[in-house]
Amino acid sequence: MNILAVDTAGKTLGVALLQDDRLKYECYLDGGMTHSETLMPLVDHCLKLCGLTCADIDLFGVNAGPGSFTGLRIGLAAVKGLAFPRETLCAPVSTLEALAAAHTGEGTVLCALDARRSQVYSAAFDLATHTRLLDDDARAVADLAEFVENCKKPLFFVGDGASLCYNKYSNVPGVLCVPPELRGGRAAAVALVAKQMAERGEAVLPEALLPDYHRLSQAERERAERLAAEAAARNTDTENGKD
């Protein structure tokens with residue numbers, strides 16, 4: 001099975017080609033350019049170096065969320081375009097699960113992506129059993145205190161929100177530090193999770209690929225706040241006898 005996977009959920013970009021159990025190609029780019037500029041050239045480079053075309057790909061893997069709204073949309077749109085002509089199956093991978101899949105050993109990994117507004121998109125996994133310990137969600141960094149302080153195994157943070165967690169919890173016993181260079185996402189891990197999803201029958205047709213943002217966009221939040229304020233003003237006017 002040939003699996004082409006892309007990682008576009010954060011500031012960095014990744015492309016990987018997994019051929020059965022062999023990682024045939026992987027690229028990790030933190031070049032400061034937008035994913036819309038770099039993703040398709042890297043996919044093209046991957047296929048050419050591996051001697052393949054899109055017709056040879058059996059499964060596409062892509063981050064479905066959480067992560068950067070723009071980054072997720074770029075990755076999903078690109079994969080849809082590549083998969084549509086042959087209705088190639090696709091795996092909508094949890095960004096946080098893919099972050100955890102890039103690490104092995106004993107202990108607990110807490111995956112955190114900077115969600116702004118003093119929040120992180122976060123989830124936690126037991127490395128030895130691959131058991132999920134926290135569901136994907138947007139949480140305040142402070143709301144992770146109970147989980148971190150009661151964790152029974154060595155704990156480390158990964159993802160672009162890891163530094164926010166280390167700043168708050170580095171003095172908690174059992175918390176280990178991962179070098180910043182090793183905290184980012186990897187397209188190879190997206191490919192691995194995609195393969196596992198396909199084996200469980202969780203791959204979908206490209207038209208079913210949808211983002212899972214785990215939070216409203218800023219525009220949606222502002223609209224909801226504006227509508228709530230307008231509704232409150234109308235209620236006040238009604239109570240005061242105004243038409």
Side-chain angles (χ1 to χ4, degrees), residues 1-65 67-68 70-104 111 113 130 158-160 181-212:
M1 174 182 281
N2 291 318
I3 303 173
L4 180 67
V6 300
D7 180 358
T8 63
K11 295 179 180 178
T12 61
L13 172 68
V15 175
L17 193 292
L18 186 66
Q19 194 170 68
D20 296 324
D21 293 324
R22 175 190 177 193
L23 179 60
K24 195 167 183 178
Y25 176 99
E26 183 177 21
C27 175
Y28 174 96
L29 178 64
D30 187 4
M33 293 183 288
T34 64
H35 296 344
S36 60
E37 294 177 275
T38 52
L39 176 57
M40 294 311 296
L42 288 182
V43 169
D44 183 60
H45 189 252
C46 168
L47 291 172
K48 285 180 177 177
L49 287 182
C50 293
L52 302 173
T53 69
C54 283
D56 299 307
I57 302 303
D58 303 297
L59 177 70
F60 289 96
V62 59
N63 302 111
S68 158
T70 301
L72 294 174
R73 285 193 288 264
I74 290 171
L76 288 163
V79 165
K80 280 188 175 185
L82 294 170
F84 261 132
R86 299 166 188 83
E87 288 287 273
T88 307
L89 288 176
C90 304
V93 174
S94 159
T95 307
L96 299 169
E97 185 175 354
L99 276 168
H103 300 272
T104 60
C111 308
L113 301 173
H130 306 289
V158 298
D160 63 20
E181 299 86 350
L182 301 179
R183 296 176 189 172
R186 287 189 57 187
V190 176
L192 175 60
V193 176
K195 178 184 178 183
Q196 294 167 348
M197 292 176 67
E199 290 171 347
R200 295 193 299 264
E202 296 171 1
V204 300
L205 292 173
E207 53 265 33
L209 276 181
L210 294 171
D212 191 358

Q) NZ/K11 to NE2/H35 distance, rounded to the nearest 0.5 angstrom? A) 10.5 Å
Q: Grab the two heavy atoms, one from L192 and one from A101, that are nearest each other, plus how far apart they are.
A: CD2-O, 4.2 Å
Q) Considering all heavy atoms of both residues, which atom of H103 and which atom of L182 are nearest to each other, and what is their separation? A) CE1-O, 3.4 Å
Q) Roughly how far, to the nearest 0.5 Å, is the NZ atom of K195 from the CG atom of D21? A) 3.5 Å
(Q) Quiz question: by atom type and distance under 3.5 Å, do the side chains of S36 and T34 form a donor-acceptor pair? (A) yes
Q) What do the steps show when you test L17 against I57 for side chain to side chain contact (heavy atoms under 4.5 Å, CB included), and what is the final call? A) CA-CA 9 Å; L17 193 292; I57 302 303; 3.8 Å; yes
Q: Mind checking the CG-CD spacing from D7 to E26? Nearest 0.5 Å is all I need.
A: 9.0 Å
**Q.** 4.5 Å side-chain heavy-atom contact, P92 and V204
**A.** yes
**Q.** Closest non-hydrogen atom pair between A98 and A189, with its separation
**A.** O-CB, 3.1 Å
Q: State the OG1-CZ distance between T12 and R186, to the nearest 0.5 angstrom.
A: 11.5 Å
Q.
Suppose we screen for side chain to side chain donor-acceptor pair (under 3.5 Å). Which residues come up paired with R22, at least two apart in sequence or across chains?
A. none
Q. Say you draw a straight line from CG of L13 to OH of Y28; how long is it, rounded to the nearest 0.5 Å?
A. 10.0 Å
Q | Smallest separation among heavy atoms of A188 and A16, with atom names | A | N-CB, 3.6 Å
Q.
Any side-chain to backbone donor/acceptor pair from N63 onto T8? Under 3.5 Å, distance only.
A. yes
**Q.** Listed once per pair and sorted, the salt bridge (Lys or Arg N to Asp or Glu O under 4.0 Å) pairs that draw on residues 39-60, sequence neighbours left out
**A.** D44-K48
With a cut-off of 3.5 Å and sequence neighbours excluded, list every side-chain donor-acceptor pair involving residues 73-90.
unit_1 : atom_1 : unit_2 : atom_2 : d
R73    : NH1    : Y213   : OH     : 3.2
K80    : NZ     : L209   : O      : 3.0

Q: Take V15 and L4, measure what side chain to side chain contact (heavy atoms under 4.5 Å, CB included) needs, and give me the verdict at the end.
A: CA-CA 7 Å; V15 175; L4 180 67; 4.0 Å; yes
Q) Between D160 and L113, which heavy-atom pair has the shortest distance, and what is it? A) OD1-CA, 3.2 Å
Q. Do you know the tightest heavy-atom contact between T38 and M33?
A. CG2-CE, 3.5 Å
